Amino acid sequence: MVNDTFDYTKENMQKSIDALKRDFTTLRTGKVTTSIVDNIKVDYYGTMTTLNQVGSVIATDATTISITPWEKALLSPIEKAIQEANIGVNPNNDGSFIKLFFPPMTSDQRQGIVKQAKGMVEHAKVSIRNVRKDSNDKIKKLEKDKEISEDESKKAQDQIQKFTDEYITKIDEAFKIKEADILKV
């Protein structure tokens, strides 16, 4: 029973870290990546569809993303979706594909992105603390139902706290790496 709770704890804390890393990919660093447009959805015949499912999305160089739709009729909806997404650039439509030209980031923009990353980190930490609370509640219920002793309960809660500290440290390390990447000119 206690080991099941430990497995649940580690699995869900790891999911929080995986989600944080996924969120980090949407942040802009010195070099643009196509993940910046991953969350943009286009109206594709009445269905909201991600950009990479309606066309080819490639980073042609360090400051340019090129989007070539598979159907010419999608140029205008893609352009509109990019403008509404407010990613900091205006799309350039040349009739067959759309280019996004990202200007070099200013130090203020970099600091703003670091702030965004800090918000994502805080969200991940709250998620980890929620997992800890759920796990501790499960342990306390086992103790209350007399399935484990008070000593076993205390040891299990201490172990859950160790997991929490370990995963919070992993989040802080991931943030330091991402922050250095964002601030690197």
Side-chain angles (χ1 to χ4, degrees), residues 10-131 167-168 170-185:
K10 289 193 279 190
E11 179 183 331
N12 284 299
M13 287 183 176
Q14 186 58 49
K15 284 180 184 176
S16 296
I17 289 179
D18 294 343
L20 175 67
K21 288 180 178 175
R22 248 189 336 274
D23 288 347
F24 276 174
T25 64
T26 64
L27 296 176
R28 183 170 172 211
T29 58
K31 185 177 129 185
V32 297
T33 62
T34 59
S35 59
I36 292 172
V37 296
D38 280 353
N39 295 331
I40 297 176
K41 296 197 183 297
V42 178
D43 184 3
Y44 182 65
Y45 300 108
T47 305
M48 295 311 282
T49 312
T50 58
L51 264 181
N52 61 2
Q53 292 178 330
V54 296
S56 168
V57 180
I58 55 169
T60 54
D61 60 41
T63 61
T64 310
I65 292 178
S66 178
I67 303 161
T68 308
W70 291 314
E71 299 176 28
K72 292 257 192 262
L74 289 174
L75 277 170
S76 180
I78 289 173
E79 190 174 13
K80 184 179 174 208
I82 292 169
Q83 287 171 336
E84 289 172 358
N86 195 19
I87 56 173
V89 294
N90 284 322
N92 294 326
N93 181 348
D94 82 342
S96 59
F97 57 87
I98 295 174
K99 286 204 175 209
L100 305 175
F101 297 104
F102 290 86
M105 292 191 333
T106 65
S107 62
D108 286 347
Q109 286 173 315
R110 290 177 192 279
Q111 292 301 326
I113 292 172
V114 167
K115 253 187 197 168
Q116 273 184 289
K118 283 180 184 173
M120 292 172 178
V121 163
E122 209 42 55
H123 181 75
K125 286 182 178 180
V126 167
S127 175
I128 291 213
R129 290 184 197 116
N130 287 338
V131 172
Y167 282 93
I168 293 285
K170 287 181 182 181
I171 286 175
D172 289 337
E173 288 168 0
F175 172 70
K176 283 179 188 160
I177 292 168
K178 190 63 177 181
E179 182 182 33
D181 197 23
I182 292 168
L183 295 176
K184 183 174 66 183
V185 179

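The first residue of the sequence shown is numbered 1, and numbering continues consecutively from there. Worth saying up front: this structure is predicted, and the values here are computed from it rather than measured.
Side-chain N or O atoms of Thr106 include one that pairs as donor or acceptor with a backbone N or O of Gln109 at under 3.5 Å. Looking only at distances, a side-chain donor or acceptor of Arg110 sits under 3.5 Å from a matching main-chain atom of Lys184.
What you find for Ile98 and Leu75 is that their closest heavy atoms are CD1-O, 3.5 Å. Taking every heavy atom of both residues into account, Lys99 and Thr64 meet most closely at CD-CG2, 4.2 Å. The shortest non-hydrogen separation linking Ser66 to Thr60 is CB-CG2, 3.7 Å. Asp43 and Pro77 make their closest contact through O-CB, 4.2 Å (heavy atoms, listed as atom of the first residue, atom of the second, distance).
No side-chain heavy atom of Ile36 sits less than 4.5 Å from a side-chain heavy atom of Leu100. Under the 4.5 Å side-chain criterion, counting only non-hydrogen atoms from C-beta, Tyr44 is in contact with Leu74. Using a 4.5 Å heavy-atom threshold, the side chains of Val89 and Pro103 count as touching. Within the 4.5 Å cutoff, no side-chain heavy atoms of Tyr167 are placed close to those of Val131. Ile171 places a side-chain heavy atom less than 4.5 Å from the side chain of Ile17.
Sequence neighbours left out, not one pair with a member in residues 58-79 passes salt bridge (Lys or Arg N to Asp or Glu O under 4.0 Å).
Applying the salt bridge (charged side-chain N to carboxylate O under 4.0 Å, His left out) criterion to Lys41, with sequence neighbours excluded, gives no partner residue. Residues passing the side chain to side chain contact (heavy atoms under 4.5 Å, CB included) test with Ala85 are Ile40, Ile87, sequence neighbours excluded. Qualifying side chain to side chain contact (heavy atoms under 4.5 Å, CB included) partners for Ser56, counting only residues two or more places apart in sequence or in other chains: Ile58, Thr68. Residues satisfying the side chain to side chain donor-acceptor pair (under 3.5 Å) test with Thr47, not counting sequence neighbours, are none.
Atoms CZ and CG, on Phe101 and Asn92 in that order, are 5.5 Å from each other to the nearest 0.5 Å. Distance check, rounded to the nearest 0.5 Å: CG of Asp23 to NZ of Lys178 gives 10.5 Å. Atom-to-atom distance recorded for Leu51:CG and Ile82:CD1 is 5.5 Å, nearest 0.5 angstrom. Between the CD atom of Glu179 and the CD1 atom of Ile177 there is a distance of 11.5 Å, given to the nearest 0.5 Å. Atom CD in Gln83 sits 10.5 Å away from atom CG in Asn86 (nearest 0.5 Å).
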Sequence neighbours excluded and cut-off under 3.5 Å, please list the side-chain donor-acceptor pairs for residues 111-130, or say none.
unit_1: Lys125; atom_1: NZ; unit_2: Asp172; atom_2: OD1; d: 2.9
unit_1: Ser127; atom_1: OG; unit_2: Ser16; atom_2: OG; d: 2.7
unit_1: Asn130; atom_1: ND2; unit_2: Val126; atom_2: O; d: 3.4

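Using modelled atom types and a 3.5 Å distance limit, the side chains of Thr50 and Asn52 yield a donor-acceptor pair.
If you run side chain to side chain contact (heavy atoms under 4.5 Å, CB included) between Val37 and each of Ile78, Val57, Val32, only Val57 comes through.
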